[in-house]
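Computed from a prediction, not measured in an experiment: that's the story for all the values here. Hydrogens, waters and symmetry mates are skipped; everything else that's a heavy atom, side chains included, is used. Every chain is numbered from 1, with letters handed out A, B, ... down the list of sequences.
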Amino acid sequence: MLSKKKLKNDLEGVVLALKKRNFSFDTVELEELEGKRKVNQIETQDLQNLRNTQSKSIGKAKAAGENIEPLLAEVADLGGRLDKAKSELQVIQDKINNIVMSIPNVPHESVPEGDTEDDNIEVMKWGEPMKFDFEIKDHVDLGEKHGLDFATAAKISSARFSVMTGKMAKLHRALTQFMLDWHIENNGYTEAYVPYMVNAQSLTGTGQLPKFEEDLFKTHLHGEEGEARALYLIPTAEVPVTNLMSGKIINESDLPLKFVAHTPCFRSEAGAYGKDTRGLIRQHQFEKVELVQITKPEDSYKVLEELTSHAEGILQALELPYRKVILCGGDLGFSSSKTYDLEVWLPAQNTYREISSCSCFEDFQARRMQLRWRKSQSDKPELLHTLNGSGLAVGRTLVAILENYQNADGSIKIPSALKNYMGDIELIN
RNA sequence: GGAGGGAUGGCAGAGCGGCUGAAUGCACCGGUCUUGAAAACCGGCAAGGGUUAAUACCCUUCUAGGGUUCAAAUCCCUAUCCCUCCA
C-alpha cells in the first residue's frame with residue numbers, strides 16, 4: 001500500500017512512476033472521493049464532538065442533581081444524524097481503500113523500462129554451461145529412473161503434483177537441509193518454523209490479497225461458512241514469516257531481523273494452463289527455503305544486494321551456472337519496488353530458468369501490516385522496510401542438479417556440497 | 001463431552017456506566033546530585049487519523065464484530081485466542 005499522504009500530495013508523481021509498470025488508475029475518481037471524504041469526515045467528527053460534550057454535560061448535571069430532561073431533549077436526534085454521517089463516511093472510505101489497495105508499489109529509479117520478461121536486463125553471469133559429449137535427457141526422463149513419479153501423483157491428487165521415492169526423495173530433502181544450514185551458519189539467519197495456512201489479514205499484509213485471491217488455495221474450516229474463518233495455503237513462506245512481526249514496534253537494537261524458513265508453497269497457477277506442464281518446473285505444491293529481512297529504511301537497498309548474494313551463494317556452492325537479471329517495470333511483482341531474479345542454467349531446455357526472486361518492498365508491506373520501529377525513545381515510530389528472496393526454490397534446484405549433473409548412463413553425480421547430506425554417496429544410479 | 005476464568009499502553013497490572021486515553025510499577029528519555037556511575041529525587045513518555053502555514057484544536061482506538069445508552073474499557077450478544085477444573 002502506498003502512503004495516502006503521498007497520494008494526496010504528489011498524485012502526479014505517483015502516476016508518472018507507475019507508468020514504468022504500465023499501470024494506471026482513475027485519478028479523477030480518487031480525487032473526487034478524497035474531496036467528499038474530507039467534507040464527510042469533518043461533519044462526522046463535528047457531530048461526534050457535539051455528542052461527547054453534550055454527554056459530558058449531562059453527566060455533570062446529573063451529578064449536581066439538576067433536571068436533565070431538557071438536555072436529553074437536545075440530543076434526541078443526534079444519534080440518528082451521527083449514524084447517517086458515519087455510514088456515508090464509511091462508504092467513501094471503503095471506496096478509497098479499495099482503490100489504494102489495488103495500486104502496486106512504485107518502482108525504484110534503478111528499475112529498467114520494459115513490458116515483459118524479455119525486457120529484463122542481465123546484470124551478471126556466473127559459471128559456464130556444461131558441455132556434454134552425449135545426448136542429454138531432461139529432468140523428467142532422468143528423474144523417473146530414480147523415483148520421481150508424476151503419474152502416481154496425478155492418480156492420488158491431480159496434475160501439477162509430484163511423488164518422489166528413494167534417493168530422489170532423499171536428494172530433495174538433502175537440498176532443503178543444506179540450504180537451511182548454509183543460511184543459518186554462513187549468513188546469520190534465524191530459522192523459523194511457521195504455519196502453512198494463514199488468514200486473510202496476513203495475505204493482505206504482504207500484498208497477495210485483495211487482488212490475487214485466484215492464485216491461492218482457499219480452505220473452509222469444517223462446518224463454518226463465514227469468510228472470517230477461511231484459511232489459505234501459503235503461496236510462499238514470505239507471508240507467515242514477514243507477518244511474524246506485523247503490528248509490532250521493533251527496537252533499533254534488534255534490527256535487522258533475518259529469518260530463514262523452509263515451507264511448502266501452494267499455488268493455484270490460475271492463468272498458467274498449458275504452461276510448463278511437463279516436469280517439476282510449475283507445480284501446485286513445491287518446497288522453498290525463503291530468506292526474509294526486516295531493515296531500517298536507509299539500509300534496504302544495500303540489504304537487497306546482500307540478500308541476493310546469499311541466494312547466489314547456494315548456486316555457487318552447488319556449482320550451478322546461473323545469471324542474475326533485474327526485472328523491468330512491466331515484470332515487477334505487485335508489492336515489489338525492485339527485484340532481482342536468479343536464473344539457473346537448464347541444459348535440456350538450453351536456457352536459464354528462474355530459481356530465485358529477491359525483492360525489496362520498501363515500506364509497501366510494512367504499511368499494510370503496521371510494522372514499525374522507533375529511532376529513539378523520543379521519536380515517532382516509523383515504518384520499516386521488508387525484503388525477501390528464495391534461497392532457493394527446492395524443486396527447481398533439484399531439476400537443475402538432475403540436468404547439470406547427469407552422466408551418459410543416466411546416473412546423477414552428487415554435488416560435493418551435498419555429500420554429507422546424502423550419506424557420502426557419490427552417485428545416484 | 002461438561003463447568004468456569006481471562007484478553008487493557010513496550011512489559012506487568014488496576015479500573016467494571018459519566019472529570020478514565022486510562023491509576024500504579026517496571027522499562028525508556030531528560031534533569032538535579034556525583035570526579036564518573038549507581039542510588040535517591042524531579043519531570044516526560046500509547047498509537048492512528050482529521051483541520052491548519054503553524055501554534056493549537058478535534059476524532060478514533062482498552063482482542064474483533066454487533067447491540068443497549070444522552071454517555072461503554074466498564075452492561076448484553078457473537079466470534080477468535082489463552083488459561084483452569086471436572087469427565
Side-chain angles (χ1 to χ4, degrees), chain A residues 1-9 30-31 33-97 100-101 194-195 197-205 209 219-232 240 243-255 257 294 363 366-384:
Chain A
M1 186 167 69
L2 297 176
S3 151
K4 283 184 186 151
K5 229 168 228 160
K6 188 159 185 194
L7 284 169
K8 209 161 66 180
N9 298 334
L30 184 63
E31 281 180 316
L33 283 167
E34 173 58 20
K36 280 190 202 161
R37 190 231 87 222
K38 192 163 165 173
V39 174
N40 279 49
Q41 184 160 352
I42 291 171
E43 188 198 337
T44 305
Q45 294 189 350
D46 281 348
L47 286 171
Q48 284 173 323
N49 182 220
L50 184 64
R51 182 202 58 193
N52 290 346
T53 49
Q54 297 281 63
S55 293
K56 267 184 188 146
S57 57
I58 290 172
K60 273 181 200 157
K62 208 174 172 187
E66 293 165 21
N67 179 17
I68 58 166
E69 287 302 325
L71 287 168
L72 285 178
E74 260 179 63
V75 294
D77 69 329
L78 200 56
R81 284 163 65 200
L82 187 55
D83 283 347
K84 186 163 168 285
K86 263 188 182 165
S87 60
E88 281 173 11
L89 179 63
Q90 194 59 50
V91 169
I92 294 166
Q93 281 182 327
D94 286 350
K95 280 184 185 164
I96 292 176
N97 226 28
V100 173
M101 290 295 268
V194 292
M197 298 169 85
V198 295
N199 56 32
Q201 193 186 334
S202 296
L203 286 154
T204 306
L209 291 181
T219 72
H220 298 274
L221 294 195
H222 197 65
E224 287 290 337
E225 285 168 31
E227 282 291 306
R229 299 215 60 189
L231 291 176
Y232 298 80
N243 276 288
L244 288 174
M245 294 299 148
S246 65
K248 295 212 177 223
I249 299 175
I250 315 280
N251 289 329
E252 182 177 14
S253 57
D254 293 329
L255 294 169
L257 292 164
I294 297 169
D363 60 13
R367 181 172 296 106
R368 289 174 166 232
M369 63 174 79
Q370 283 301 302
L371 164 53
R372 293 166 298 172
W373 70 305
R374 215 190 283 274
K375 209 174 255 170
S376 77
Q377 281 297 322
S378 46
D379 284 325
K380 282 258 167 198
E382 272 181 41
L383 295 169
L384 285 159

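In a base pair of the Watson-Crick type (N1 to N3 plus N6-O4 or O6-N4) or a G-U wobble (N1-O2 and O6-N3), with each distance short of 3.5 Å, B:A46 is matched with B:U61. Taking a pair to require two hydrogen-bonding distances under 3.5 Å in either a Watson-Crick or a G-U wobble arrangement, B:U68 remains unpaired. Pairing for B:U52 is absent, with no Watson-Crick or G-U wobble pair whose two atom distances lie under 3.5 Å. Look at B:C26: its Watson-Crick or wobble partner, with both distances under 3.5 angstrom, is B:G10. Of the nucleotides present, B:U32 is the one that pairs with B:A40 by Watson-Crick or G-U wobble criteria, both distances under 3.5 Å. Pair check for B:G1 finds B:C86; Watson-Crick or G-U wobble, both atom distances under 3.5 Å.
Checked by atom type and distance alone, the side chain of A:N97 never pairs as donor or acceptor with a backbone atom of A:V100 at under 3.5 Å. Listed for the A:D363 side chain is no donor-acceptor partner under 3.5 Å among the backbone atoms of A:L383.
If you measure from atom CD of A:Q90 to atom C1' of B:G65, you get 13 Å, rounded to the nearest angstrom. Per the geometry, CD belonging to A:E34 stands 10 Å off C1' belonging to B:G50, to the nearest Å. When the C1' atom of B:G48 is taken as reference, atom CD of A:Q370 falls 7 Å away, rounded to whole Å. What separates CG of A:N199 from P of B:C81 is a distance of 11 Å, to the nearest Å. Residue A:R368 contributes atom CZ, which lies 19 Å from atom P of B:G48 at whole-angstrom precision. Rounding to whole angstrom units, NZ of residue A:K36 and P of B:U51 are separated by 17 Å. Following rounding to the nearest Å, A:I249 (CD1) and B:C28 (C1') show an atom-to-atom distance of 13 Å. Distance A:Q41 CD to B:C59 P: 13 Å, rounded to the nearest Å.
OP1 and OP2 of B:C58 both lie 4.0 Å or more from every side-chain N or O belonging to A:N49. When the side-chain nitrogen and oxygen atoms of A:R51 are compared with OP1 and OP2 of B:C59, none of them lie within a distance under 4.0 Å. Residue A:K60 places none of its side-chain N or O atoms closer than 4.0 Å to OP1 or OP2 of B:C70. Of the side-chain N and O atoms in A:K8, one or more sit less than 4.0 angstrom from OP1 or OP2 of B:U51. Between A:R372 and B:G10 there is no side-chain polar atom (N or O) within less than 4.0 angstrom of OP1 or OP2.
Candidate nucleotides B:G49, B:C70, B:A47 were compared by shortest atom distance to the side chain of A:P381, and B:A47 ranks first. Proximity note for A:I58 (side chain, C-beta onward) versus B:U51, B:C59, B:G18: the nearest is B:G18.
Of the P atoms belonging to B:G25 and B:C83, the separation is 31 Å, rounded to the nearest Å. Between B:G48 and B:G43, the distance separating the two P atoms is 27 Å to the nearest Å. B:C26 and B:A53 are spaced 42 Å apart, taking the C1' atom of each and rounding to whole Å. For the P atoms, the distance from B:U84 to B:C77 is 25 Å, rounded to whole Å. Rounded to whole Å, the C1' atom of B:C76 lies 22 Å from the corresponding atom of B:U20. Here the separation of B:A56 from B:G13, taken at their P atoms, is 36 Å to the nearest Å. Across the P atoms, B:U60 and B:G4 are found 36 Å apart, a figure rounded to whole Å. Spacing of C1' atoms, B:U34 relative to B:C41, comes out at 14 Å, to the nearest Å.
You'll find the side chain of A:L50 stays beyond 4.5 Å of the side chain of A:D46, heavy atoms only. With a 4.5 Å cut-off on side-chain heavy atoms, A:T204 and A:M101 count as touching. Using a 4.5 Å heavy-atom cutoff, the side chains of A:N49 and A:Q45 are not in contact.
Taking a 6.0 Å sphere around CD of A:Q201, one finds it holds 12 or fewer heavy atoms contributed by other residues, nucleotides or ligands.
Checked by distance alone, A:K56 brings no side-chain donor or acceptor within 3.5 Å of a matching partner on the base of B:G18.
At a cut-off of 3.5 Å, with distance as the only test, a side-chain donor of A:S202 or A:N199 sits close to an acceptor on the other residue.
The minimum heavy-atom distance linking A:M245 with A:I294 is given by the pair CG-CD1, 3.7 Å.
If you check every strand for non-hydrogen atoms under 4.0 Å, A:N52 touches sugar and phosphate atoms only. Counting any heavy atom pair closer than 4.0 Å across all strands shown, A:K248 reaches no nucleic acid atom. Nucleic acid contact class of A:R367 (heavy atoms, under 4.0 Å, all strands): none.
Between A:D46 and A:L72, the residue whose closest nucleotide on RNA chain B is further toward the 5' end is A:D46.
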